[in-house]
Amino acid sequence: MQLDAFVTKTVTPQAREGNPPPRVVETESGMLNSIGLQNPGIDAFARESLPRISELGVPIWVSVGGFSAHDYADVCERLDGEASVEVIELNLSCPNVEGAPETAAELVAAARAATTKPLYAKLSPATWDVAESARAVAAAGADGLSLVNTIRGLALDATARRPQLARGAGGYSGPALRPIALACVHACARAVALPIVGMGGVTSGDDVLDFLAAGASAVALGTILFADPFAASRIRAELGDAVLPALALSEHEIHGLVGHSASRRVVSAE
Amino acid sequence: MQLDAFVTKTVTPQAREGNPPPRVVETESGMLNSIGLQNPGIDAFARESLPRISELGVPIWVSVGGFSAHDYADVCERLDGEASVEVIELNLSCPNVEGAPETAAELVAAARAATTKPLYAKLSPATWDVAESARAVAAAGADGLSLVNTIRGLALDATARRPQLARGAGGYSGPALRPIALACVHACARAVALPIVGMGGVTSGDDVLDFLAAGASAVALGTILFADPFAASRIRAELGDAVLPALALSEHEIHGLVGHSASRRVVSAE
Amino acid sequence: MVSATESVGPFTLLRLERGELEPGVPGQFFMLEAPGRVLPRPMSLCQAPHGELAFLIDPIGPGTRALCALRIGEAIHVLGPLGNGFDLDLSRPLLVAGGIGIAPMPYLAAALGDPPAILGFRTEHHAEAAGLLPGAEIVVEPRLVTELLQDDPGDVLACGPEPMLEAVRRRVPRAQLAWEARMACGYGACYGCVVEIDGRYRRLCVDGPVVRDAA
Amino acid sequence: MVSATESVGPFTLLRLERGELEPGVPGQFFMLEAPGRVLPRPMSLCQAPHGELAFLIDPIGPGTRALCALRIGEAIHVLGPLGNGFDLDLSRPLLVAGGIGIAPMPYLAAALGDPPAILGFRTEHHAEAAGLLPGAEIVVEPRLVTELLQDDPGDVLACGPEPMLEAVRRRVPRAQLAWEARMACGYGACYGCVVEIDGRYRRLCVDGPVVRDAA
Ligand SMILES: Cc1cc2nc3c(=O)[nH]c(=O)nc-3n(C[C@H](O)[C@H](O)[C@H](O)COP(=O)(O)OP(=O)(O)OC[C@H]3O[C@@H](n4cnc5c(N)ncnc54)[C@H](O)[C@@H]3O)c2cc1C
Ligand SMILES: Cc1cc2nc3c(=O)[nH]c(=O)nc-3n(C[C@H](O)[C@H](O)[C@H](O)COP(=O)(O)OP(=O)(O)OC[C@H]3O[C@@H](n4cnc5c(N)ncnc54)[C@H](O)[C@@H]3O)c2cc1C
Ligand SMILES: Cc1cc2nc3c(=O)[nH]c(=O)nc-3n(C[C@H](O)[C@H](O)[C@H](O)COP(=O)(O)O)c2cc1C
Ligand SMILES: Cc1cc2nc3c(=O)[nH]c(=O)nc-3n(C[C@H](O)[C@H](O)[C@H](O)COP(=O)(O)O)c2cc1C
Ligand code: FES
Ligand code: FES
């Protein structure tokens, strides 16, 4: 097992069917998705998914979403009593659903009042000044930042010239997102004292070192797990051998490698 | 000559030296720049650059920048009397300088009061809801939109792990930006009735057709002009031959191809 | 590691060293890394010669073209077998395939003892792939595979383009059909491959490609 | 169109069909499209054989590696000649180059009638490139080119890494130096290549690479 934490797909209060297909499309050096937070809802999640994921023996980070401050508070309160949940990540930035009317800081504050678990705020890169958002969620009680979520992108079909995803635009991830994500991590690391989980286009040990140098204390994997489900072990090996000694990073930082994915399959495949 | 318009580099009231070098760096499928609006200031621009650019015989679009509503109004007023200037593009979104304290709509309103020339508002993709910005600048009197400017990105040096650009982050452009740009065009075309100049990673006739299908009425070229200074002619040829008849676009739309670059050299090279 | 590539009409038969991967049940698929692309591509197992896994690939876009351009000795990530294969507990199997839908048929035929088969193709050139399934009946457009279906065709196992599968289903409601969808992970993680089944979105990579209990 | 490629020590000599391009003045450069990369790469003209333009390339990163991997018959965009070359109106020219700074020297030497030259290299392997400039004096690190400079060395024309150029300038303030900077366009449009000269940012692609009237 090469993961220090396992981040779940976002859970909402009620079950959601998500967006119509097609939901994924590849672009030149990235991909778009418009899953739309398909999930079984917090009750079924806690009853069925959590026990299964717990079997992995990896600390569990649960990603929480919703459509109002009340939603966030609701799910956090429900998770507060789940011993297997180590961290709650607040998805404040899904580009594939209409968000809550409250600001990110208000959502964090509502979650803060509902749980004593560590809260990581996941922010969008689609903002003129991400450091400002970071300061706001820090002031509202976030214990850490997850940077970044996908940014809205569109791809068209080369014959019909229609959007390839049924929903039109989707969330852009993968290598093309990496410079944007690094800039966000860099800006936030200078703005707040919170630990940062960096993500966006990580494919190699080299990329991990870039995120750590930009100010992240851990790194999460997303898109790369599709092309290489064993990326976590490979990247750890790349860090261990060649790249790491050159930088003399502490063991602690290496242990910050977080496997980020959408279901337990990624991990059980290892 | 294969250009329907020539867009200048951004001009500010006073001369600016710009940011320290290195100012450009390549990424996997894009590039970062942190030029920082180096320009001779509006007076020297009107005296020296405009007459030279006019010799090209192409309609001139002047990009205007500044650090306050007063700055924008100032430069627009100065350009209002210049017969050779066809359109003023308001750069409301340069990621490489600190912007004005006013909102985009306030800047447009100030410019609107200072000139009767057509005003295009150039917006940033770094916003949660670009359609909202589009509606605001439309209400403030913009005659069209230029979408999109670069988005902030960071690249690190693989040995020192320091930012490659002296200024840290820079503006991300090129093919990696294309899906983001297309999503912005798509969203704004549905929100406002203004004509849209689309840009961001256009490299081929195929890309032009994507932008037109997403809702642009013209397309501008940036990064591609570095690798292929003759891209405008090539792209027009690609549109003319193969791709275009298949879609039966009108002549009018083809004529919407706008060459976008930073100096007259691009064009004189043709 | 690529051990061989062969042209089969317009398609390429890509033979990979099997390593520790099982071939799985016919109708299951593998995710093949497409060099230079961000996402892997789902491919049905076509043949399982000793020590190898062979895939028949139609080069229709950037990913399949990259796969067809692989050369001997090059290595790619391969994940599988994945998903639901065909139910092989049948009395009178009949294989029906259209176009690249022939891909899973050779391995399926081997498992079922070479049952009868009907193959449809767009052109004579595409029909060259029928050589992979000796003894099959072949139709070329404008004729369609459904024209050859008897009134009581037996246990139909079909793979091909969606309109063909729909037509087969109308004629033979109980047919086992192998569907396609765009996929990202192939292993149930991303929810990218959903199709609507009985009014609910279900992941084709785990509940398919051969969908049980569908309407 | 690539007409030939040759290994020269660790470097590659890339020969392109000249087409309608002029070779220009020694010290000028060309922007070469680097396949698969977003930006072209600046390269000094190394030799101008009949009908060809030849570039000596050090594969230090993705762009230069892509250029060195080009094969005969492949075509790339080439723009040039660009920038300021050397002033050739000299009485006692002496060429001084370090490492890949040898690149512009063969074409420069041909224009000046094979003047004396001093070349410095990191290793013996790199020093194989000296074969392009017969008769040159050669030093290999830890020895440096400046050690061979006489007290009155004449009209020095130099190209090499920045520390070497600075050292040459300290010894010979009037030396003509060819500098480097990261470039995007190469033709004055992007303001990406500026260097500080006399307290102002100037574009090295138009005011250099050989900078006149510098302090
Ligand atoms: C379970 C499964 C098994 C498959 N087995 C094989 C096989 O054995 N041999 C083979 O050649 N192909 C097979 N396919 C189809 C193959 O995966 C797609 O053709 C491939 O992913 C297309 O990638 P591309 O980059 O070449 O083309 P793209 O540019 O991605 O697509 C080209 C065109 O094909 C369509 N398309 C893309 N992906 C799919 C898909 N998964 N299903 C339907 N249409 C699609 C697109 O809409 C587009 O019009 C299988 C698909 C699935 C889901
Ligand atoms: C006018 C001019 C003429 C040149 N002539 C030649 C030549 O004839 N032969 C040759 O091999 N090279 C020449 N160069 C240098 C060459 O352009 C760079 O080595 C190349 O752009 C590096 O690209 P890359 O993708 O391989 O490496 P990158 O990954 O871009 O860079 C690798 C390393 O080189 C440094 N670097 C990158 N670009 C430059 C640059 N332009 N100047 C200085 N350092 C740089 C980077 O900081 C990095 O450490 C010339 C440069 C200029 C400006
Ligand atoms: C198919 C897919 C589904 C995703 N689902 C979620 C999600 O449910 N919640 C969330 O916070 N982020 C989600 N993300 C975003 C990722 O967690 C990550 O922030 C983003 O993809 C950038 O990382 P990457 O480039 O490594 O993929 C999803 C990304 C993809 C590609
Ligand atoms: C080197 C460089 C300089 C730029 N300077 C300006 C500028 O002065 N004003 C402006 O509005 N946009 C400027 N841009 C942004 C481009 O006009 C364009 O919006 C962006 O690069 C996306 O298009 P592209 O991907 O085709 O380059 C610049 C871009 C680059 C790469
Ligand atoms: S392809 Fe990812 S869930 Fe099916
Ligand atoms: S490289 Fe563009 S101005 Fe010099």
Side-chain angles (χ1 to χ4, degrees), chain A residues 6 8-10 15-40 96 157-159 164-166 170-177 201 203 221-231 234 259-269, chain C residues 19-22 24 29-43 60-67 75-83 162 179-209 211:
Chain A
F6 178 80
T8 68
K9 254 193 99 51
T10 299
R16 285 178 51 83
E17 273 289 291
N19 292 322
R23 291 178 172 184
V24 289
V25 59
E26 193 188 62
T27 65
E28 223 169 281
S29 67
M31 66 173 285
L32 304 176
N33 86 78
S34 65
I35 309 301
L37 301 187
Q38 177 167 357
N39 79 92
N96 291 316
D157 185 76
T159 41
Q164 297 217 49
L165 301 180
Y172 191 31
S173 64
L177 185 63
T203 66
L221 307 179
T223 302
I224 185 62
L225 295 171
F226 304 150
D228 177 9
F230 306 104
R234 173 178 56 78
H260 184 281
S261 171
S263 104
R264 64 181 204 88
R265 293 271 173 140
V266 181
V267 179
S268 63
Chain C
E20 315 207 320
L21 298 176
E22 296 292 331
F29 67 99
F30 291 74
M31 291 301 274
L32 271 57
E33 180 195 7
R37 308 302 307 180
V38 172
L39 295 179
R41 298 299 193 272
M43 292 291 150
I60 58 159
T64 45
R65 277 197 298 269
L67 284 166
I76 55 170
H77 286 288
V78 177
L79 186 73
L82 298 162
E162 211 168 293
W179 299 88
E180 283 197 5
R182 290 174 162 267
M183 294 184 175
C185 70
Y187 50 80
C190 74
Y191 286 78
C193 63
V194 296
V195 292
E196 199 178 319
I197 297 173
D198 297 337
R200 286 191 47 211
Y201 288 141
R202 285 170 56 187
R203 290 165 297 175
L204 194 75
C205 68
V206 288
D207 293 331
V211 180

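All values reported here derive from a predicted model rather than from experimental measurement.
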Part of A/Ser34 lying under 4.5 Å from any heavy atom of chain C:
neither

Considering all heavy atoms of both residues, which atom of C/Tyr187 and which atom of A/Leu225 are nearest to each other, and what is their separation?
OH-O, 2.7 Å

Evaluate the side-chain proximity of C/Tyr191 to A/Asn39: yes if any heavy-atom separation is below 4.5 Å, no if none is.
no

Nearest heavy-atom pair of C/Leu79 and A/Pro229: which atoms, and what distance?
CD2-CG, 3.5 Å

Approximate separation, where rounding is to 0.5 Å, of A/Arg23 CZ and C/Met183 CE:
13.0 Å

Correct closest heavy-atom pair for A/Glu26 and C/Leu39 would be OE2-N, 2.8 Å

Closest approach of C/Ala184 to A/Phe226 (non-hydrogen atoms, all atoms of both residues)
O-CB, 3.4 Å

Please give me the minimum heavy-atom distance between A/Thr27 and C/Arg37, naming the atom from each residue.
O-NH2, 3.8 Å

Identify the two heavy atoms, one from C/Arg182 and one from A/Gln164, that lie closest to each other, and give their separation to 0.1 Å.
NH2-OE1, 3.6 Å

Measure C/Arg200 against the heavy atoms of chain A and call it side chain, backbone, both or neither at under 4.5 Å.
both

